[in-house]
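Worth saying up front: this structure is predicted, and the values here are computed from it rather than measured.
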Amino acid sequence: MSHVSDTLDTTVRYTRERTAVVVVTGDVDLHTAPVLRAQALTAVGQGAAHLVLDMAQVDFVDSTGLSTLIVLMHATQEAGGSLRIASVPDRLVRMVTMTGISQLLPMHDTVADALAALAAGEAADGTGPSR
């Protein structure tokens, strides 16, 4: 199936206080980005200021999906937290890097790496990406 899909599945898993992992499955595009935005903002609203997006099962991200990442980054920062992306497939790494998103959002090889970096950052009292 190579056409744009209208389905996007997200699973939110709260890993510890103020932290949630959002597993994203499917394409993040014009039709599905609002689903991701709503699910992630709900998690932030429920106290998960730190989000890790697990992108391992994402096949495609368009400009709407990229702008959703920026919206989520701002929402987590306003909540005193951060947004990290993990397990980004190679085919998406180039796009995330070329668009400059990688300068704003920490990218990690695995969710475990992202959670470890987050814990280390909290221990060092909020070291995060520089502006």
*Asks:* With rounding to the nearest 0.5 angstrom, report the CD to CG distance, Gln39 to Leu8.
*Replies:* 9.0 Å
*Asks:* Could you measure the distance from the OG atom of Ser82 to the CZ atom of Arg18? Nearest 0.5 Å is fine.
*Replies:* 9.5 Å
*Asks:* With heavy-atom distances below 4.5 Å as the criterion, would you say the side chains of Val23 and Val111 are in contact?
*Replies:* no
*Asks:* Testing the basics here: between Ala114 and Val52, what is the closest heavy-atom pair and its distance to 0.1 Å?
*Replies:* CB-CG1, 3.7 Å
*Asks:* Just by modelled atom types, is the Leu72 backbone N or O under 3.5 Å from a matching donor or acceptor in the Thr76 side chain?
*Replies:* yes
*Asks:* Quick one: pull up CG in Leu115 and OG1 in Thr110 and give me the separation to the nearest 0.5 Å.
*Replies:* 8.0 Å
*Asks:* Hey, could you give me the CZ/CG distance between Arg84 and Asp113, rounded to the nearest 0.5 Å?
*Replies:* 11.0 Å
*Asks:* So which atom in Ala48 and which in Tyr14 form the shortest heavy-atom distance, rounded to 0.1 Å?
*Replies:* CB-CE2, 3.8 Å
*Asks:* What are the two closest heavy atoms between Val88 and Leu92, and how far apart are they?
*Replies:* CG1-CB, 3.7 Å
*Asks:* For residues Leu104 and Ile70, determine if any side-chain heavy atom of one lies less than 4.5 Å from a side-chain heavy atom of the other.
*Replies:* yes
*Asks:* How long is the straight-line distance from CG of Leu83 back to CG of Leu105, given to the nearest 0.5 Å?
*Replies:* 5.0 Å
*Asks:* Give the minimum heavy-atom separation between Pro89 and Met55, together with the two atoms involved.
*Replies:* CD-O, 3.3 Å
*Asks:* Identify the two heavy atoms, one from Leu118 and one from Arg16, that lie closest to each other, and give their separation to 0.1 Å.
*Replies:* CG-NH2, 3.6 Å
*Asks:* Of all the heavy-atom pairs spanning Pro106 and His108, show the shortest one and how long it is.
*Replies:* CB-NE2, 3.6 Å
*Asks:* Taking a hydrophobic cluster as the set of Ile, Leu, Val, Met, Phe, Trp and Tyr residues connected by side-chain heavy atoms closer than 4.5 Å, whether directly or through intermediates, do Leu41 and Val21 fall within one such cluster?
*Replies:* no
*Asks:* Answer whether the closest heavy-atom distance between the side chains of Thr11 and Val22 falls below 4.5 Å.
*Replies:* no
*Asks:* Just do the side chain to side chain contact (heavy atoms under 4.5 Å, CB included) check on Val28 and Thr64 with the steps written out, would you?
*Replies:* CA-CA 8 Å; Val28 184; Thr64 307; over 6 Å; no
*Asks:* Should Asp59 and Arg91 count as an ion pair when the cut-off is N to O under 4.0 Å?
*Replies:* yes
*Asks:* Side chain to side chain contact (heavy atoms under 4.5 Å, CB included) for Leu69 and Leu53? Distances and angles first, verdict last.
*Replies:* CA-CA 9 Å; Leu69 296 179; Leu53 298 184; 3.4 Å; yes
*Asks:* Say you draw a straight line from CG of Asp29 to CG of Leu66; how long is it, rounded to the nearest 0.5 Å?
*Replies:* 11.5 Å
*Asks:* Tell me if a side-chain donor or acceptor on Thr32 pairs with a main-chain N or O of Asp27 at a distance below 3.5 Å.
*Replies:* yes
*Asks:* Report yes or no: does Asp62 contribute a side-chain atom to a donor-acceptor pair with the main-chain N or O of Leu30 at less than 3.5 Å?
*Replies:* yes
*Asks:* Answer with yes or no whether the hydrophobic clustering places Met73 together with Val71; edges join I, L, V, M, F, W, Y residues whose side-chain heavy atoms lie under 4.5 Å apart.
*Replies:* no
*Asks:* Using a 4.5 Å cut-off on heavy atoms from C-beta on, say whether the side chain of Gln57 contacts that of Val24.
*Replies:* no
*Asks:* Shared ILVMFWY cluster between Ile101 and Met107, side chains joined below 4.5 angstrom?
*Replies:* yes
